Amino acid sequence: MHIRGTVAGDVEVRSVSTSYGESDLAEVPLQIDTVATDIESIHASRPAPADGEDHEPTTVTCWNKWTESADLLEAGMELLVTDVAEDEYQGEQRYKTTGESYVVVEPSFLVNVTSIRNWVECPRLYYLNKLSGVPLNYPVVKGTLVHEVFGDLLRGRDLEESIDARVEERGLQLGLLGESPEAVAEDVRENAGAIEGWLEQGRLTEDDSWRSEQLLISETFGIRGRADAIRRGAPVELKTGKNLKKEPRFKDKVQAACYALLLEERGGDVDTGTLLYTKNSALDRNEETGDLTPAKDFSMGDGLLKFVVRLRNELAAMEMTEGVPTGYEGSAKCEYCFEQDTCMVVSGRLDQESKAGQIGTPLPEAEREYFDRFYRAIEEERREVHREYAKLWEQDAQERADDDRALIDLEFTEMRELEGGRWELHATRTSGATSKLREGDLVLASDGHPVRGNSELAMIERLDDEVVLTADEPVEVSRLDVYPSELTTDRLLAALHDALLKGNERRKDVLFGRADPEFGEIEETFIDNNARQNEAVTKAVGANDCALIHGPPGTGKTYTIARAIRAMVERGERVLLSAFTNRAVDNALEAVLEQLGDSLESDRVVRVGSESGVRDDMAPYRLERSGEPEDRLAELENAQVVAATTATCGSRVMKEQAFDVALVDEAAQLTEPGTHAAINLAERFVLVGDHEQLPPVVRAENELTESLFERLIDLHPEAGVMLDRQYRMNQRIQAFASSEFYDGQLRPAEPEVAARTLDDLEGVARDTLPDSLHDPVTFVDVEGDGSRYTDSEEAARIAELIETYESAGLERTDIGVIAPFRAQVSEISKHVPEDVAVDTVDRFQGSSQEVIIVSFTATDRLEGPIFEDYRRINVALTRPKRALVLVGDATALESEPVYERMLEWAQG
DNA sequence: GCTCTGCTAAGAGGA
């Protein structure tokens with residue numbers, strides 16, 4: 001029997017005398033949520049405590065070594081104890097651990113196997129790794145290559161073919177490292193050769209069953225990882241190093257033991273593990289056994305597996321309490337550690353206690369406070385990502401599908417083996433269900449359940465009526481689940497670290513308000529018909545530190561960016577162009593290319609990003625990762641303009657690059673650490689954005705929701721310029737946004753803009769429209785159907801409006817419909833023709849249409865947080881050029897002052 | 001309560 005619950009108070013640890021001698025025990029007061037005989041039921045939607053009654057917590061006694069884990073618990077933490085026994089003590093009903101039990105602290109927090117491996121070496125090493133990541137270096141790249149080739153060999157691929165293909169795939173990285181493909185191939189061949197020989201031997205003498213890399217997730221132990229290989233049900237771990245000792249290294253054993261736990265959960269019974277040290281060649285005879293083989297088998301007892309779970313518990317408890325490891329937790333000797341210097345520097349600069357000691361002087365207090373604040377915020381965000389992982393087993397299939405996090409309606413059709421041993425999986429969709437999955441996404445493809453069934457990480461190649469995936473191993477796929485990624489949080493943390501610990505002092509003086517941004521003299525006029533745009537370009541070009549361009553809707557900020565980049569390029573500078581979304585990067589890049597015209601060879605502009613992220617028309621500029629190292633390197637280094645998302649700016653490849661200036665578009669949509677990821681790479685930076693439009697998208701509510709752009713506008717107003725002439729909206733349309741959000745400063749750039757109406761469009765006769773639609777802004781009062789996130793009345797009325805516009809000669813593609821909720825978006829889509837763009841406010845940001853119809857989806861009152869953020873209204877109302885129609889319930893809109901003013905304007 | 005984009009994964013090694 002297993003139990004799961006919430007710790008309800010202090011844990012008491014003591015020693016008692018038993019018939020076996022002196023034993024430790026910990027008494028944990030636990031508010032029990034579920035008691036069940038199988039783990040699946042343990043995690044199924046946990047019942048709320050009985051109505052109103054305060055349940056007395058039950059005491060759970062953790063015996064012997066489990067006291068160490070129990071000692072980590074704090075009130076409010078989650079606890080899972082497997083295989084408990086019922087226990088009556090002084091008339092009280094209790095539970096206690098048995099010899100079979102595992103105690104798991106915060107079981108929903110899914111810990112990586114590599115994290116446990118780092119942690120056992122030294123908890124502080126785990127922390128340092130998390131802070132700064134592993135930079136690009138040859139031993140690591142080579143290790144990765146050898147692993148890939150090993151996987152290929154297991155899948156039956158020819159050795160030489162695999163080496164060639166894998167080395168080619170890493171062309172860009174190898175180029176940056178200055179390695180030649182021949183030398184790398186030879187190096188990999190030496191390592192892989194040893195494995196091949198060993199593999200052959202095994203195949204001849206015994207009935208081996210093999211499986212290459214598999215992602216394994218344990219809902220019992222809260223561990224996830226990818227085993228290099230599984231042989232006859234036991235883990236095989238490959239190491240590209242030399243080890244002539246009799247025993248594998250302890251941390252390697254711990255790693256293998258993690259995989260053993262993961263395999264046991266899937267019904268295996270694992271008692272051995274194998275470590276393969278590829279540098280052990282025939283010349284390096286094992287000093288004790290005389291062995292020639294690279295393989296070392298070792299037995300894995302119960303004790304090791306439980307030790308591993310205790311390590312995992314330490315890590316999980318530390319992450320839940322936001323602790324910072326000092327190194328004293330473990331017994332590693334600092335003088336043997338490769339990271340000793342880094343450890344001391346980080347300790348010194350952040351004034352942290354550490355076993356290695358401190359070096360240097362601490363950062364100013366404001367910077368340490370900033371670091372702590374954002375560290376906490378990013379870790380909070382990380383825990384939200386972990387909540388997403390837990391949902392893989394805590395929610396059932398239908399809940400996941402309703403949440404748009406899974407497609408469960410697939411019918412497996414076929415699979416075929418690709419060249420190189422990978423697999424292509426095909427399935428058809430049996431319903432029109434929506435999900436947030438898109439082509440190019442990495443997903444968990446399973447034959448029923450992402451954790452309990454047969455599942456593989458797979459790439460979505462195609463997603464329409466048919467679904468096509470590629471994966472390392474075959475799966476009869478019937479379900480796809482979103483696979484959450486910590487990549488963004490990892491990179492935010494590294495960017496924060498780099499900004500504070502590696503950033504130059506002058507930059508930090510400006511960011512922390514200790515110095516004002518400075519500007520050089522610029523005589524040139526860049527734009528002669530728009531004073532603010534010209535001022536913005538002048539500031540951007542002349543900035544010694546930074547410039548801030550505030551661009552309200554339609555004010556030509558993309559053009560301004562492009563003009564500024566052209567000026568910088570003409571001055572011989574190397575420019576980084578970045579933004580949070582791929583869409584924003586491609587938009588800005590498009591304008592830059594147009595502006596540069598023939599002034600720059602096209603091979604001097606490079607877009608860095610994944611194939612699925614980069615828009616098709618920008619694909620010719622995309623930097624391929626694979627190829628001849630020297631060519632790939634030259635392409636990147638030769639580029640004078642490099643465009644990439646801020647997340648990509650945090651990649652190992654981009655971190656090797658340096659720029660004179662970084663321009664960040666849509667900067668108000670970026671968190672502070674996200675902005676650092678881009679500007680860390682450049683001497684100076686220019687942020688362009690509008691903090692009156694949508695803020696950064698984050699899961700947790702904390703300081704990440706305010707952008708660096710907004711903070712700097714307040715801190716250094718003199719470094720900012722607001723563009724004030726808009727080229728988009730008819731004057732009537734613009735009026736409300738201008739007065740409500742921009743102090744009345746937003747004006748039409750030209751009389752033509754102010755006066756534009758539908759009459760200007762070819763083939764449109766406004767007089768055929770009903771009178772009510774003659775005004776560029778109109779309100780259509782619809783009482784609404786009273787539902788929460790949809791409104792069929794509004795949807796029907798919108799369909800009629802579209803027909804009316806169409807019969808007046810308007811093209812469907814000139815009409816956009818905006819709704820606050822996704823549910824209403826799909827409701828409206830059912831009513832209107834396909835080529836009318838219907839989407840949420842959030843997704844409409846950055847684009848515009850001739851006609852915009854807004855569906856407020858509210859009856860009687862404005863319910864929900866979505867209406868509280870007025871920035872969203874600003875975005876919705878500033879998308880149209882010539883006509884805006886607001887559809888909603890007047891009673892509801894009148895209930896809030898901003899919406900009431902909006903209504904007055906629309907009806908005026 | 002609601003909106004929401006990023007990103008190959010996770011692990012690769014040095015003595």
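Every chain is numbered from 1, with letters handed out A, B, ... down the list of sequences. A quick note: this is a predicted structure, and the numbers were derived from the prediction, not measured.
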Is A:Val134 touching bases, backbone alone, or none of the nucleic acid, heavy atoms closer than 4.0 Å? base

Measure from the side-chain heavy atoms of A:Phe821 and tell me the nearest of B:dT8, B:dC2, B:dG1. B:dC2

Taken to the nearest whole Å, CZ/A:Arg249 to P/B:dG11 is 16 Å

If only side-chain N and O atoms of A:Thr114 are considered, is one of them under 4.0 Å from the OP1 or OP2 phosphate oxygen of B:dG11? yes

Could A:Arg607 and A:Asp586 be called an ion pair, given the rule that one side-chain N must be under 4.0 Å from one carboxylate O? yes

Of the candidates B:dG6, B:dC4, B:dG14, the side chain of A:Arg438 sits closest to B:dG6

Rounded to whole angstroms, how far apart are CG on A:Asp252 and C1' on B:dA15? 13 Å

OP1 or OP2 of B:dG13 sitting under 4.0 Å from any side-chain N/O of A:Thr240? yes

Distance test, side-chain N/O of A:Tyr277 to OP1/OP2 of B:dG13, below 4.0 Å: no

Using the test side chain to side chain donor-acceptor pair (under 3.5 Å), find all partners of A:Thr671 that sit at least two apart in sequence or belong to another chain. none

Relative to the ring of A:His386, is the ring of A:Phe109 parallel (under 30°), tilted (30 to 60°) or perpendicular (over 60°)? parallel

Side-chain atoms of A:Glu339 come closest, of B:dA15, B:dG14, B:dG6, to B:dG14

At under 4.0 Å, does any side-chain N or O of A:Thr645 touch on OP1 or OP2 of B:dT5? no

At 4.0 Å (heavy atoms only), tell me whether A:Glu486 reaches a base, stays on the sugar-phosphate, or touches nothing. nothing

Does B:dG11 have OP1 or OP2 sitting under 4.0 Å from an N or O in the side chain of A:His147? no

Touch class at under 4.0 angstrom, heavy-atom based, for A:Arg583 against every strand present: sugar-phosphate

Sugar-phosphate only, base, or nothing, as touched by A:Phe150 at under 4.0 Å among non-hydrogen atoms: nothing

Between A:Asp842 and A:Tyr789, name the one whose nearest nucleotide on DNA chain B is closer to the 5' end. A:Tyr789

Please work out if A:Ser610 contacts a base, only the sugar-phosphate, or nothing of the nucleic acid, heavy-atom cut-off 4.0 Å. sugar-phosphate

How close or far is atom P of B:dA15 from atom CG of A:Asn137, stated in whole angstroms? 11 Å

Look at the side chain of A:Arg822 and the base of B:dT3, then say whether one donor and one acceptor between them are separated by less than 3.5 Å. no

Given B:dT3, B:dG11, B:dC7, which nucleotide is nearest the side-chain atoms of A:Ser485? B:dC7

Under 4.0 Å: is that the gap between some side-chain N or O of A:Tyr138 and OP1 or OP2 of B:dA12? no

Taking any heavy-atom pair under 4.0 Å as a contact, classify A:Tyr483: base, sugar-phosphate, or nothing. sugar-phosphate

Side-chain N or O of A:Arg170 versus OP1/OP2 of B:dA12: is the shortest distance under 4.0 Å? no

Take atom C1' in B:dA12 and the same atom in B:dT8, then report the distance between them in whole Å. 15 Å

Hey, is the main chain of A:Glu319 close enough, under 3.5 Å, to the side chain of A:Arg383 for a donor-acceptor pair? yes

Please enumerate all residues that pass side chain to side chain donor-acceptor pair (under 3.5 Å) together with A:Gln845, with sequence neighbours excluded. none

Using a 4.0 Å heavy-atom cut-off across all strands, classify A:Thr488 as base, sugar-phosphate, or nothing. base

Any donor and acceptor pair, going by atom type alone, linking the side chain of A:Glu710 with main-chain N or O of A:Ala668 inside 3.5 Å? no

Taking B:dA12, B:dT8, B:dT3 as options, the one with an atom nearest any side-chain atom of A:Met459 is B:dT8

Measure CD/A:Gln845 against P/B:dG6 and give the value in whole Å, please. 13 Å

When you measure from the side-chain N and O atoms of A:Thr144 to the phosphate of B:dG13, is any distance below 4.0 Å, counting only OP1 and OP2? no

Which part of the nucleic acid does A:Thr646 contact within heavy-atom distance under 4.0 Å: base, sugar-phosphate only, or nothing? nothing

Base-pair string, DNA chain B, Watson-Crick plus G-U, cut-off 3.5 Å on both distances, | for inter-strand, is ...............

Please enumerate all residues that pass salt bridge (Lys or Arg N to Asp or Glu O under 4.0 Å) together with A:Glu656, with sequence neighbours excluded. none

Where the side chain of A:Phe580 is defined as all heavy atoms beyond and including C-beta, which of B:dG13, B:dT8, B:dG6 is the nearest nucleotide? B:dG6

Send over the distance from A:Gln173 CD to B:dT8 P, rounded to a whole Å. 11 Å

Under 4.0 angstrom between A:Arg224 side-chain N/O and B:dA10 OP1 or OP2: yes

How would you label the contact of A:Pro696 with the nucleic acid (heavy atoms, under 4.0 Å): base, sugar-phosphate, or nothing? nothing

Tell me whether the side-chain N/O atoms of A:Asn582 come closer than 4.0 Å to OP1 or OP2 in B:dC7. yes

What is the separation between atom CG on A:Leu275 and atom P on B:dA12, rounded to the nearest whole Å? 11 Å

Rounded interatomic separation in angstrom, taking CG from A:Asp187 and C1' from B:dG13: 12 Å

Consider the side chain of A:Lys239, meaning its heavy atoms from C-beta on, and name the nucleotide among B:dG1, B:dG6, B:dA12 that approaches it most closely. B:dA12

Options B:dG13, B:dG11, B:dG14, nucleotide nearest the side-chain atoms of A:Glu237: B:dG11

Picking from B:dT8, B:dA12, B:dG14, which would you name as closest to the side chain of A:Arg625? B:dT8

Hey, does the Lys NZ or Arg CZ of A:Arg224 hover above the aromatic six-ring of A:Tyr389, less than 6.0 Å from the centre and inside 45° of the axis? yes

Separation of B:dA10 P from A:Arg382 CZ (nearest whole Å): 12 Å

Just call it for A:Asp869: base, sugar-phosphate, or nothing, with non-hydrogen atoms closer than 4.0 Å on any strand. nothing

Measuring from the side chain of A:Leu457 (C-beta onward, heavy atoms only), which nucleotide among B:dA12, B:dA15, B:dA9 has the closest atom? B:dA9

Who are the salt bridge (Lys or Arg N to Asp or Glu O under 4.0 Å) partners of A:Arg822, not counting sequence neighbours? A:Asp404

For A:Glu121, which residues count as a side chain to side chain donor-acceptor pair (under 3.5 Å) partner, sequence neighbours excluded? A:Lys251

So A:Thr470 and A:Glu461, side chain to side chain donor-acceptor pair (under 3.5 Å) or not? Walk me through it. CA-CA 7 Å; A:Thr470 48; A:Glu461 304 288 343; 2.6 Å; yes

OP1 or OP2 of B:dC4 less than 4.0 angstrom from a side-chain nitrogen or oxygen of A:Arg843, does that happen here? yes

